[in-house]
Amino acid sequence: MRIYFDNAASTKILNRFREDILKVFDFYANPSSVHAEGKKARYEIEKVREYISSSLNILNSKDLIFTSGATESNNMIIKGVANFYGKGHIITTGIEHPSVLNVCRYLETKGFELTYLKPNEDGIVTSDKVLNAIKDNTILVCVMAVNNETGVKQPIEEIGNILKNKNIHFHSDMVQYLLKEKIDVEKLNLSSFSASFHKFHGPKGLGLAYVKNTSKIEKFMHGGSHEKNKRAGTENLQSIILGGIVYRYMNENLSENIKYMSKISDKFLRGLKEFEGKIRLNNKENRVLNIFNIELIDKDIQYILPILDMNGVSISGGSACQSGSLSPSYVLLEQGLSENQAKGSIRISLSIENTEEEIDIFFEILRKII
Ligand code: PMP
């Protein structure tokens, strides 16, 4: 039996969608074609767009476009805003996903001025820090909604309130937030957000980019007039239809899922109590229910992760995009952890597929290792 505790890296497409995967092949025409098959395909895509928009209180569904994933969405939006202005100051945080951080670093080489805000010891970048960093030439603020390594929630509603009358684009990477809690996009005062379907049991290679129609942003992908003329390229039809089915299911069951995740999250926290002095929780405050970042005191994950894997447990030392190297997590270092503490830290990320029994087995294995 394998225990998959790496759901922040990617999730499994639930078994209940196996038949749906076959059904999506009934749709094959180019959604831009004007014949019956094309119109049928277009109808399906627009149905998904409408449903997701209304579930998130996005007033105009045209502001929501499908991409190949959150990496593309982040690139498209951040470079799109930067290219519109041509110069200026960008505020972000030192704990963003590489698909934000490395875009910002690239823009720095092109002459943009960058401020990378540090989180406090709880992993939170406060709205005061953002406010104090604003300059006359600030064009863009990028703050993620939930950190992918610690699960810590950032005060994006407060930041949105600060920025709403300032003519500064506010972008949030919402990859680890979407479908974890109820979201009202209007209330958050965002100019844009990115999301990715493979983080909530949907297909890989499918993402969302929301860009409010009043935003000043240059087109990223040039070509045909697809996706409301915002992202050229024939839509990923089958994935969008499947993604729509998964999204609807996850959204309709959101309250139930939150209840279930609370239950298994509490169980996990109770289990940790036994390890006082041996394990330290790196994300005590203000986190989503599914992500735990823990330090195994005086241990090195370089040795622990393979042992866990051999015992049937799949987890990460940080973000999957970084963990190939097993170097200490930059997110934890930014949060103020020492290199040794970061080297001993692992991320456990649960999903609705995980069970209480799996948590018991995990702790049994951990007991042996520690
Ligand atoms: N942002 C965050 C916070 C993520 O966790 C990820 C996935 N690791 C991404 C962006 C990139 O998403 P995708 O895999 O869809 O490119």
Side-chain angles (χ1 to χ4, degrees), residues 4-13 52 64-79 92-106 116-117 119 123-125 142-154 156 171-181 183 188 190 192-210 220-221 231 233 235-236 239-240 242-243 246-247 250 283 287-293 314-325 329-332 334-335 346-351:
Y4 186 74
F5 279 177
D6 201 16
N7 291 282
S10 201
T11 53
K12 181 184 167 192
I13 297 187
I52 298 177
L64 190 69
I65 62 174
F66 296 105
T67 65
S68 67
T71 297
E72 181 188 324
S73 304
N74 285 333
N75 269 268
M76 165 199 275
I77 291 163
I78 299 168
K79 287 180 192 162
T92 189
T93 79
I95 57 168
E96 298 295 309
H97 184 266
S99 61
V100 169
L101 219 41
N102 286 334
V103 175
C104 290
R105 288 186 186 128
Y106 163 78
Y116 301 94
L117 300 175
I124 300 168
V125 177
C142 292
V143 179
M144 69 199 322
V146 170
N147 182 269
N148 47 302
E149 292 193 33
T150 62
V152 172
K153 291 192 270 183
Q154 304 301 326
I156 54 168
H171 173 65
S172 185
D173 176 333
M174 299 223 296
V175 167
Q176 301 288 350
Y177 192 37
L178 201 70
L179 291 168
K180 300 295 182 295
E181 294 182 9
I183 296 172
L188 295 177
L190 294 167
S192 60
F193 76 75
S194 53
S196 184
F197 283 73
H198 74 99
K199 306 290 183 178
F200 52 82
H201 306 285
K204 292 171 185 49
L206 182 65
L208 291 171
Y210 162 79
F220 181 64
M221 198 95 95
R231 193 255 188 192
E235 293 87 346
N236 189 352
S239 271
I240 294 172
L242 178 64
V246 175
Y247 185 97
M250 295 300 288
N283 58 346
R287 53 170 195 86
V288 281
L289 292 167
N290 64 312
I291 301 179
F292 299 90
N293 199 301
S314 306
I315 54 168
S316 281
S319 106
C321 310
Q322 292 287 114
S323 58
S325 62
S329 146
Y330 67 87
V331 171
L332 296 178
E334 282 283 292
Q335 198 176 311
I346 54 176
R347 173 184 73 182
I348 293 107
S349 49
L350 309 176
S351 84

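We count ligands from 1, going down the list as the structure has it; atoms in each ligand are counted the same way. Being a predicted model, the structure only gives us computed values, none of them experimental.
Here is the list of ligand 1 atoms found below 4.0 Å of a heavy atom in Gly69: 15 (O). The distance from ligand 1 to the heavy atoms of His198 drops below 4.0 Å at these ligand atoms: 13 (P), 14 (O), 15 (O). Close approach of ligand 1 to Ser196 is summarised as follows: ligand atoms under 4.0 Å from at least one heavy atom of the residue are 13 (P), 15 (O).
No side-chain heavy atom of Phe220 sits under 4.5 Å from any side-chain heavy atom of Ile77. Contact of the Phe200 side chain with the Leu178 side chain is registered, since non-hydrogen atoms from C-beta on lie closer than 4.5 Å. The closest side-chain heavy-atom distance from Ile291 to Gln176 is below 4.5 Å.
The distance from the OG atom of Ser192 to the CG atom of Leu64 is 12.0 Å, given to the nearest 0.5 Å.
Between Phe193 and Tyr210, the ring planes lie parallel to each other; the angle is under 30°, not in the 30° to 60° tilted range.
Considering both main-chain and side-chain atoms, Ala70 comes within under 3.5 Å of ligand 1 through a nitrogen or oxygen pair. In terms of N/O distances under 3.5 Å, ligand 1 is approached by Gln176.
Between the side chain of Ser194 and the backbone N or O of Ala209, no donor-acceptor pair lies under 3.5 Å. Not a single donor-acceptor pair under 3.5 Å links the side chain of Asn148 to the backbone N or O of Ala9.
Within the structure, the closest approach of Ser99 to ligand 1 falls below 4.0 Å when heavy atoms are considered.
Counting heavy atoms under 4.0 Å from ligand 1, residue Thr71 touches it through both backbone and side chain.
The option from Asp173, Asn148, Val146, Leu206 that lies nearest to atom 10 (C) of ligand 1, judged by heavy atoms, is Asp173. Looking at Met174, Lys199, Met144, it is Lys199 that brings a heavy atom closest to atom 8 (N) of ligand 1. Closest heavy-atom approach to atom 4 (C) of ligand 1 among the candidates Glu72, Glu96, His97: His97.
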